[in-house]
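Just so you know, these numbers come straight off a predicted model, no measurement behind them. Lettering of chains follows the sequences in order, A, B, ..., and the numbering in each one begins at 1.
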Number of protein chains: 2
Amino acid sequence: MPSRGHRPSIGRVAELAGVSATTVSHTLNGHRPVSAATRKRVLDAIEQLGYRPNVLARGLRTARSQTIGLIIPDITNPFYPVLARGVQDVLGPAGYHEIITNTDGMRELERSALEQMIARQVDGIAFAVFHTHADDLRHPIDMGIPVVRLGGRLVQPGVDLVHSDDEGGAAEATGYLLDQGYDRIGFVCGPQAEGPAAERVTGHLATLARRGLPPEPSLIVHTQFSRAGGLAGTLRLLDLPRPPRAVLCANDVMAIGALDAARQRGLDVPGDLAIMGFDDIEAATLVSPQLTTMANPARRIGQACGRILLDRLSGAMTGPSSETIVPARLVRRQSA
Amino acid sequence: MPSRGHRPSIGRVAELAGVSATTVSHTLNGHRPVSAATRKRVLDAIEQLGYRPNVLARGLRTARSQTIGLIIPDITNPFYPVLARGVQDVLGPAGYHEIITNTDGMRELERSALEQMIARQVDGIAFAVFHTHADDLRHPIDMGIPVVRLGGRLVQPGVDLVHSDDEGGAAEATGYLLDQGYDRIGFVCGPQAEGPAAERVTGHLATLARRGLPPEPSLIVHTQFSRAGGLAGTLRLLDLPRPPRAVLCANDVMAIGALDAARQRGLDVPGDLAIMGFDDIEAATLVSPQLTTMANPARRIGQACGRILLDRLSGAMTGPSSETIVPARLVRRQSA
DNA sequence: ATGAAAGCGCTAACAG
DNA sequence: CTGTTAGCGCTTTCAT
């Protein structure tokens with residue numbers, strides 16, 4: 001029975017087993033052969049004392065903390081937990097843990113989070129923040145810490161980039177609606193296309209162009225990234241002289257607002273009006289009718305991030321920077 | 001400019017500033033006076049080298065890692081990120097970081113997570129897992145690590161307990177509906193009341209009893225904890241000879257199923273049928289009509305947990321174990 | 001107001 | 001196959 005409130009050290013184990021600390025160390029991490037008899041004595045001592053190797057001490061010695069830092073705006077935003085889980089899918093089995101810091105999008109907090117990560121000797125950093133100057137990442141890069149940036153498009157030496165294919169996703173969504181026979185599609189976008197939303201507009205227009213369809217400026221409305229915004233934007237489209245029979249929204253929350261608009265006008269969805277969202281949030285399956293949407297591949301992004309970090313840490317990857325684009329996936333729910 | 005790939009140590013700083021490591025240490029954490037002149041030289045050196053104290057090394061010396069472990073089933077379940085954020089609200093400002101482990105509800109993973117936490121020298125553990133034997137927590141307790149259990153009702157020496165007031169919340173919800181003039185209330189519950197759901201049934205019945213209303217067994221239906229379950233359960237209630245005009249569901253997802261049932265039967269909500277949920281998930285505001293519900297105080301629970309951990313770590317709290325019950329909050333959205 | 005030295009728990013040369 | 005020794009970066013007596 002381990003004694004209360006006291007952590008046994010490798011030395012205590014060695015003492016009890018009648019061997020040196022070195023031998024205990026090697027039985028534990030197999031860096032050199034240990035005789036079966038000795039191994040058993042060591043293992044017994046460990047068992048008896050309830051010994052667990054001190055990861056911090058090991059890290060001090062080996063200069064590897066087996067920890068990676070994840071810096072995000074807000075774990076409460078449902079996108080990030082999934083991302084975090086994706087990172088852990090890959091890094092967890094390799095013995096890494098992650099520490100997460102929320103910045104609420106404040107630059108000062110982002111910066112201090114990075115310094116904290118350095119102070120904690122993280123082996124790698126996953127940085128999921130949109131608006132950051134390249135300068136802010138200088139310190140970790142100079143320290144030789146691998147940094148992966150999640151989202152955004154800024155290519156920067158020393159920083160690997162992973163993001164979803166918003167452009168391709170929107171292009172696919174638009175193509176899907178066109179294939180369903182809707183030749184005029186409304187697009188409900190944010191105030192001014194920023195971040196991923198900009199790429200989504202681009203993708204939408206790209207498909208129209210590729211299919212030889214002239215872009216109608218009146219079919220693209222700018223509004224808020226919210227349920228109310230989606231409602232207002234859709235109503236504007238429905239009030240057009242020749243309203244579209246299908247609307248594509250920049251995200252699911254706006255699409256839910258579009259459903260409100262349809263209900264308000266007594267339109268059947270998708271009979272009278274087809275509505276598509278983007279992201280595949282949980283609520284997409286909880287509204288009626290359920291939303292057809294492009295699944296934002298948060299988990300895959302996290303996994304890709306984890307793999308890159310692992311490759312950097314093992315030396316399997318050495319280039320100055322890479323870019324990984326994870327495809328969005330069409331999720332059909334409205335049988336239009 | 002800091003040199004690439006090399007972390008300066010306290011010794012390097014001391015050297016550059018022309019003082020001893022001791023003095024650098026003390027300028028940093030103010031454990032003894034340092035002359036203004038010296039302080040400036042040290043700070044300059046730190047700035048120049050881009051030095052950050054190694055938290056791991058400090059922890060090795062002080063036997064405090066400034067880290068707490070959070071063990072949960074799945075960060076992807078929207079309840080837990082909010083909980084985690086609550087914990088950080090309190091612990092973050094005190095200089096603690098948290099490492100999170102997902103167990104997917106598997107006992108073996110829960111156990112190994114606990115051992116990992118010990119190996120990482122966490123200063124405290126927040127354990128949010130329903131079905132765990134008291135035995136599993138023995139090791140951390142024996143090591144003298146404060147453990148807070150989140151959810152569940154098991155009172156155990158050495159383990160502080162924090163959970164939401166599911167019973168009181170359901171009692172309040174029932175009272176609210178009665179106050180609205182609904183004298184017969186249907187309750188849609190899970191297969192067999194387990195976990196928090198059991199307390200919610202208890203609370204519901206308690207209010208009925210308190211108001212002198214006889215319990216009608218037929219008004220309590222058992223079904224699945226899902227949207228489909230909520231739909232089926234509500235239909236069963238609506239098919240009763242004297243159907244209730246109000247239904248209270250054990251969670252929001254089921255309540256959304258209840259909305260489906262109303263729509264299917266052409267009933268206006270809340271005009272013909274009032275529907276209440278429990279938890280206040282994001283989707284509660286995204287369905288139509290929005291759900292009146294009892295907000296599960298995840299963030300408050302996390303904060304309470306953080307405060308307890310902090311008190312235990314500072315020695316401000318010393319009893320063998322405590323129980324904290326965080327009230328659920330009524331969120332009115334259907335103006336019935 | 002400042003330094004020297006020891007030691008936290010561990011791993012990795014370097015012996016044998 | 002096993003042990004001795006040094007040292008990772010830091011804090012903390014004990015001196016001065």
Nearest-Å distance, [atom1] ([X]) to [atom2] ([N])?
{"X": "B/K40", "N": "C/dA1", "atom1": "NZ", "atom2": "P", "result": "19 Å"}
{"X": "A/I118", "N": "D/dG9", "atom1": "CD1", "atom2": "C1'", "result": "16 Å"}
{"X": "B/R41", "N": "C/dA1", "atom1": "CZ", "atom2": "C1'", "result": "12 Å"}

Problem set entry | Spacing of A/S65 atom OG and A/L56 atom CG [to the nearest 0.5 Å] | 9.0 Å

Exercise. Within less than 4.0 Å of OP1 or OP2 of C/dG3, is there a side-chain N or O belonging to B/T23?
Worked result: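 It does, given that an N or O in the side chain of B/T23 lies less than 4.0 Å from OP1 or OP2 of C/dG3.
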
Problem set entry | Among C/dA13, C/dG3, D/dC1, the nucleotide that comes nearest once only the side chain of A/T38 is considered | D/dC1

Problem set entry | Option passing side chain to side chain contact (heavy atoms under 4.5 Å, CB included) with B/V159 (candidates B/V148, B/L137, B/I125, B/L154) |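 Filter result, single survivor: B/L137.
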
Do [X] and [Y] sit within salt-bridge range, that is, some charged N less than 4.0 Å from a carboxylate O?
{"X": "B/D311", "Y": "B/R307", "result": "no"}
{"X": "B/D89", "Y": "B/R299", "result": "yes"}
{"X": "A/E110", "Y": "A/R107", "result": "no"}

Provide a list of protein-nucleic acid N or O atom pairs under 3.5 angstrom, restricted to nucleotides 8-11 of chain C.
residue : atom : partner : partner atom : Å
C/dG9   : N2   : A/A57   : O            : 3.4
C/dC10  : OP1  : A/Y51   : OH           : 2.4
C/dC10  : OP1  : A/N54   : N            : 2.9
C/dC10  : OP2  : A/I10   : N            : 2.2
C/dC10  : OP2  : A/Y51   : OH           : 3.4
C/dT11  : OP1  : A/N29   : ND2          : 3.3
C/dT11  : OP1  : A/R58   : NE           : 2.5
C/dT11  : OP1  : A/R58   : NH2          : 3.3
C/dT11  : OP2  : A/S25   : OG           : 2.9
C/dT11  : O2   : A/R61   : NH1          : 2.4

Exercise. Do any pairs count as a salt bridge (charged side-chain N to carboxylate O under 4.0 Å, His left out) and have a residue in residues 56-76 of chain B, sequence neighbours left out, and if so which ones?
Worked result: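 Salt bridge (charged side-chain N to carboxylate O under 4.0 Å, His left out) check on residues 56-76 of chain B returns A/R85-B/D74.
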
